[in-house]
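Heads up: the structure comes next, in C-alpha cells.
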Amino acid sequence: MAKAPILTPRADDFPRWYQDVLNKAELAENGPVRGTMVIRPYAYALWERMVAEVDARIKAAGADNAYFPLFIPESYLQREAEHVEGFSPELAVVTHGGGKQLEEPVVVRPTSETVIGEYMAKWVQSYRDLPLLLNQWANVVRWELRPRMFLRTSEFLWQEGHTAHVSEEDARVYAERILHDVYEDFMVNVLAIPVLTGRKIPEERFAGATNTLTCEAMMGDGKALQMGTSHELGQNFARAFDIAFSDETGERALAWTTSWGVSTRMMGGLIMAHGDDAGLVVPPRLAATQVVVLVVRDEDGTVTPAAQQMVDELAAVGVRAKLDAHTATAFGRRATNWELKGVPVRIEVGPRDLAEGRVVVVRRDVGEKVPTDLSAVVATVPGLLEDQQSALLAAATARRDSLTVECSTLDEAAEAAAHGFGQIAWDKVGADGIERLGRDAVTVRCLRTPEGGLPASDDAPGTLAIVARSY
RNA sequence: CGGGACGUGGCGCAGUCUGGCAGCGCACCGGCUUUGGGAGCCGGGGGUCGAGAGUUCAAAUCUCUCCGUCCCGACCA
C-alpha cells in the first residue's frame, strides 16, 4: 500500500525537503529569537564528530587552542577600516549591562581578528615568537536578514584560526596548508563531499583580507555552498593592532597574519550534499552511530541478547554501534526513522534470522539488503562501512562533474549555473560579466588554475572562474 | 530591507469568502489484539485560533497595527 511520502520529494521542492529533513530527523529547530537555532542531540553528535576530526587536523598543522572573550570593545572593530565596514551591518551591540548604559558599547563577536590581534601584539616581541598559531572553538553572532537553519543563522558555532608569521610567504603557505590539509582533507575524506578549492574574487573576500581561499561544494539542487574559508590578511590587522617584532637583524617589522574557519554550516552541506528522498545520509567516517542493530521482534526474549552481543562485538572492533530493541514500536517505523537519520548500516535481527543463523544487513546509501551469516557479520561490517564511504564520495563527485559545464560565453555560463556549475575563462567575465551573471542570481564562486590549483593573483593569466547559484 | 505566500493542540491541515458551542489526520496516554517496511480496534488528554487594539448581542472569521515563518531578490561562514 502506497503511503504518503515522509518527506517532500527533493525534485518537488528542495528547500521544503531540507526543512522536512531537519524536522523529521530531529536535527534542529528555530530558537525563540529570529535567526537562532536549537541544535538537537542527534545533529549535535554529528557536529561533535566534525569538531573532533577538524580539531585533530588543526593540531596536526601545529595550531594550539585558546579562548578569547565573546564581548569585544566596539573601538577594536573600528581599527581596521574594511573590517568594520564589512561587519557593521550585522553586528549585535550590547549597550546596557548591570542595569546601566555602558560607557562604550561592546559588540558580540562576529569573528575575533580584532581581540586576538590585540593579544597577539602583546605576545609577539621577536621573530622567535613566530609563527604564532592559534585556534578557538566558539560561537559568533552575525545578525542575519534572511536566516536558514545551519546555512545562515544569526548565531553559529565554528572554529576560527588566527596566525601570525614573519613573512608574507609564510602566511600564504600556512593559509594554503589549512585549506588543503585541514579543510579539503576533512571534507573529502570524512564528509565525502568533493570540494573545489579556489581563490575568491575581490568582491567576495573577507572584510580586511588580502586574499580569501575557499572550499566550494555542490549541493543536491546544483547550488554551491561555501563550506570553509582561509584568509591571508596581509599586514592589515598587524598594522591596526601593532603586531610587530624584531627580526634577525634587529629591525622592527610587522607580522603577516591569517585567519580561517569552518562552521555549523557544514551540517547544512552534509544534509544537502548526500541526503535523498528518504532523509539524511551520513558518511560512515563521520557518523556518530555507524551501525544500528535493530531487533525486529522478540517474543521469547532471546533476540535482544543476541543483538546486544553483536553491538558489543562491533564496538570491540571499533565500530560505533547502537542497539534498537524498542519492539513496542513497529519494525517498519523504526526502520524508517533510522533511514531518516541516515545511519550508514542497519542490521535487522529477528527470531527467523536467529533460527537460520543469519541477519539482514542494510546499507543506507543504496538500500541494498544482504543476508549475512551470524558468524560473519562483525568481520564484514568495517569493510562495508569503508565501501559506503567511498561510494558516497564517488557518487557525489560523479554528480558534480556531470553538472559542471565548460562554457565559452557568459550566457552559456548562466545557463550552466541554472543546473549546476559553469566553468569559464576568468578574463571573459570581468566587471560586466559579474553584472550579467548577477541578473540570473549567479556569482563567481572561485578562481582556479586550469590544473585546479590556486591562482597567485586576482588576474593571473589562464585563470578559470567557477560560477553558480549559491547558498 | 523590497516582492509574494502563510500563521488554528507537538506536526500537517480544514473552518475565514457568507461572524453563531474549535474540528480532522498524524503524534501522545490507557486497554486488548499485534510486530519481517510507516499496526488495528476501543477509550482518553491536550488549543486564550501568532500578539494587541477596534467593530459587533456575538470574532479563528470583519478592520487596523505589530510580530513571526517560508519562498524570490540586495549582504555573508
Side-chain angles (χ1 to χ4, degrees), chain A residues 1-8 13-16 18-20 22-24 26 29-36 85-91 110-111 139-160 183 200 203-207 212 214-217 224-231 259-269 278-279 294-299 303 325-340 346 348-356 358-360 362 367 369 371 438-443 469-471:
Chain A
M1 182 144 86
K3 302 276 204 260
I6 295 170
L7 305 170
T8 303
D13 186 343
F14 196 82
R16 183 74 182 268
Y18 181 74
Q19 291 291 333
D20 286 352
L22 294 176
N23 291 327
K24 296 284 175 55
E26 301 179 325
E29 39 197 275
N30 286 313
V33 172
R34 179 183 160 78
T36 62
E85 190 190 335
F87 279 107
S88 296
E90 42 188 355
L91 290 182
T111 179
N139 58 339
V140 286
V141 169
R142 298 178 187 179
W143 217 257
E144 287 293 346
L145 303 176
R146 192 177 156 192
R148 292 170 69 83
M149 289 224 267
F150 286 120
L151 302 174
R152 202 186 305 107
T153 47
S154 287
E155 179 191 7
F156 57 90
L157 306 182
W158 78 344
Q159 146 284 309
E160 51 177 321
Y183 297 161
K200 283 292 190 187
E203 291 82 350
E204 302 254 338
R205 237 178 237 153
F206 176 76
T212 288
T214 180
C215 293
E216 298 284 329
L225 181 71
Q226 178 176 308
M227 302 258 305
T229 48
S230 183
H231 315 287
S259 69
W260 26 278
V262 291
S263 72
T264 37
R265 171 178 277 186
M266 290 192 297
M267 284 292 306
L294 194 158
V295 176
V296 177
R297 51 201 184 88
D298 189 13
E299 288 85 1
V303 182
H326 300 114
T327 51
T329 302
F331 163 78
R333 170 160 301 272
R334 289 180 291 142
T336 304
N337 283 342
W338 290 118
E339 279 168 4
L340 276 167
R346 185 173 70 243
E348 303 174 355
V349 198
R352 226 149 67 199
D353 297 303
L354 289 187
E356 295 168 25
R358 47 99 171 170
V359 294
V360 177
V362 190
K369 298 186 175 188
R439 286 202 297 275
D440 287 337
V442 174
T443 52
R469 294 167 301 142
S470 74
Y471 280 99

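The structure presented is a predicted model; accordingly, all values stated were derived computationally and were not measured. We name chains A, B, ... by the order of the sequence lines, and we start the count at 1 in each one.
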Check [X] against [Y] and note the closest heavy-atom contact, atom names and distance.
| X | Y | value |
| --- | --- | --- |
| Arg358(A) | Pro371(A) | CD-CB, 4.5 Å |
| Tyr183(A) | Cys215(A) | CB-SG, 3.9 Å |
| Val349(A) | Val303(A) | O-CG1, 3.5 Å |
| Glu348(A) | Val359(A) | O-CB, 3.6 Å |

Base, sugar-phosphate, or nothing: which does [X] touch, judged by heavy atoms less than 4.0 Å apart?
| X | result |
| --- | --- |
| Asp298(A) | nothing |
| Leu225(A) | nothing |
| Gly350(A) | base |
| Lys369(A) | base |
| Pro89(A) | nothing |
| Ala441(A) | sugar-phosphate |
| Thr153(A) | base |
| Thr336(A) | base |
| Glu204(A) | nothing |
| Gly438(A) | sugar-phosphate |
| Phe206(A) | sugar-phosphate |

Can you tell me the distance, in whole Å, between the [atom1] atom of [X] and the [atom2] atom of [N]?
| X | N | atom1 | atom2 | value |
| --- | --- | --- | --- | --- |
| Gln19(A) | G12(B) | CD | C1' | 14 Å |
| Met266(A) | C76(B) | CE | P | 21 Å |
| Tyr471(A) | C75(B) | OH | C1' | 18 Å |
| Leu151(A) | C71(B) | CG | C1' | 15 Å |
| Trp338(A) | G38(B) | CH2 | P | 18 Å |
| Leu22(A) | U69(B) | CG | P | 15 Å |
| Tyr18(A) | U69(B) | OH | C1' | 16 Å |
| Asp13(A) | G12(B) | CG | P | 14 Å |

[atom1] spacing across the pair [N] / [M], given as an integer number of angstrom:
| N | M | atom1 | result |
| --- | --- | --- | --- |
| C24(B) | C41(B) | P | 15 Å |
| A27(B) | G12(B) | C1' | 11 Å |
| C17(B) | C70(B) | P | 29 Å |
| C13(B) | U55(B) | C1' | 30 Å |
| U63(B) | C6(B) | P | 14 Å |
| A60(B) | G23(B) | C1' | 12 Å |
| C32(B) | A51(B) | P | 41 Å |
| C71(B) | G52(B) | P | 28 Å |

base_contact_polar ([N] base, [X] side chain, donor-acceptor, <3.5 Å):
| X | N | result |
| --- | --- | --- |
| Arg34(A) | G68(B) | no |
| Asn30(A) | G68(B) | no |
| Arg439(A) | G73(B) | no |

Do the side chains of [Y] and [X] get nearer than 4.5 Å, heavy atoms only?
| X | Y | result |
| --- | --- | --- |
| Trp143(A) | Leu91(A) | no |
| Phe206(A) | Thr229(A) | no |
| Arg346(A) | Glu339(A) | yes |

message = To the nearest 0.5 Å, what is the distance between OG1 on Thr329(A) and CZ on Arg334(A)?
response =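 Separation between the atoms: 6.5 Å.
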task = Working to the nearest 0.5 Å, report the span between CD of Gln19(A) and CG of Asn30(A).
result =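 Reported to 0.5 Å precision, the distance equals 7.5 Å.
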Searching all strands shown, indicate the nucleotide that pairs with [N] (Watson-Crick or G-U wobble; both distances under 3.5 Å).
| N | answer |
| --- | --- |
| G45(B) | none |
| U35(B) | none |
| U69(B) | A5(B) |
| U55(B) | none |
| G10(B) | C26(B) |

Stepwise side-chain contact (heavy atoms from CB on, under 4.5 Å) test for Met227(A) and Val262(A) = CA-CA 7 Å; Met227(A) 302 258 305; Val262(A) 291; over 6 Å; no
Where the side chain of [X] is concerned, which of [options] is the nearest nucleotide?
| X | options | answer |
| --- | --- | --- |
| Arg333(A) | G36(B), A77(B), A39(B) | A39(B) |
| Arg265(A) | G68(B), U35(B), C76(B) | C76(B) |
| Val296(A) | C76(B), G36(B), G37(B) | G36(B) |
| Arg352(A) | G73(B), G36(B), A77(B) | G36(B) |
| Arg146(A) | A77(B), G37(B), G73(B) | G73(B) |

query = When you match His231(A) and Leu7(A) each to their closest nucleotide on RNA chain B, which lands nearer the 5' end?
reply =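 Looking at the nearest nucleotide for each, Leu7(A) comes out on the 5' side.
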Given RNA chain B, 5'-ward residue of the pair Val362(A) and Asp440(A), judged by closest heavy atom =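 Comparing both residues, the 5'-ward one is Val362(A).
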request  = Evaluate whether atom CD of Glu356(A) has more than 12 neighbouring non-hydrogen atoms of other residues, nucleotides or ligands under 6.0 angstrom away.
outcome  =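 Counting other residues, nucleotides and ligands, CD of Glu356(A) exceeds 12 neighbours.
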query = Can you list the residues that meet the salt bridge (charged side-chain N to carboxylate O under 4.0 Å, His left out) rule with Asp13(A), with sequence neighbours excluded?
reply =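 Result, salt bridge (charged side-chain N to carboxylate O under 4.0 Å, His left out) vs Asp13(A): none returned.
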message = Under the criterion of centre distance below 5.5 Å and interplanar angle below 30°, is Phe331(A) classified as stacked on the base of G36(B)?
response =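 By the stated criterion, Phe331(A) and G36(B) do not stack.
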inquiry  = It should be established whether Arg148(A) places a side-chain nitrogen or oxygen under 4.0 Å from OP1 or OP2 of nucleotide C71(B).
reply    =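 For Arg148(A), the contact criterion (side-chain N or O under 4.0 Å from OP1 or OP2 of C71(B)) is met.
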request  = Compare side-chain N and O positions of Arg16(A) against OP1 and OP2 of C71(B) and report whether any pair is under 4.0 Å apart.
outcome  =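 So the side chain of Arg16(A) is outside the cut-off, no N or O lying under 4.0 Å from OP1 or OP2 of C71(B).
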Just the atom pairs and distances: protein N or O near nucleotides 4-9 of chain B's N or O, under 3.5 Å.
none

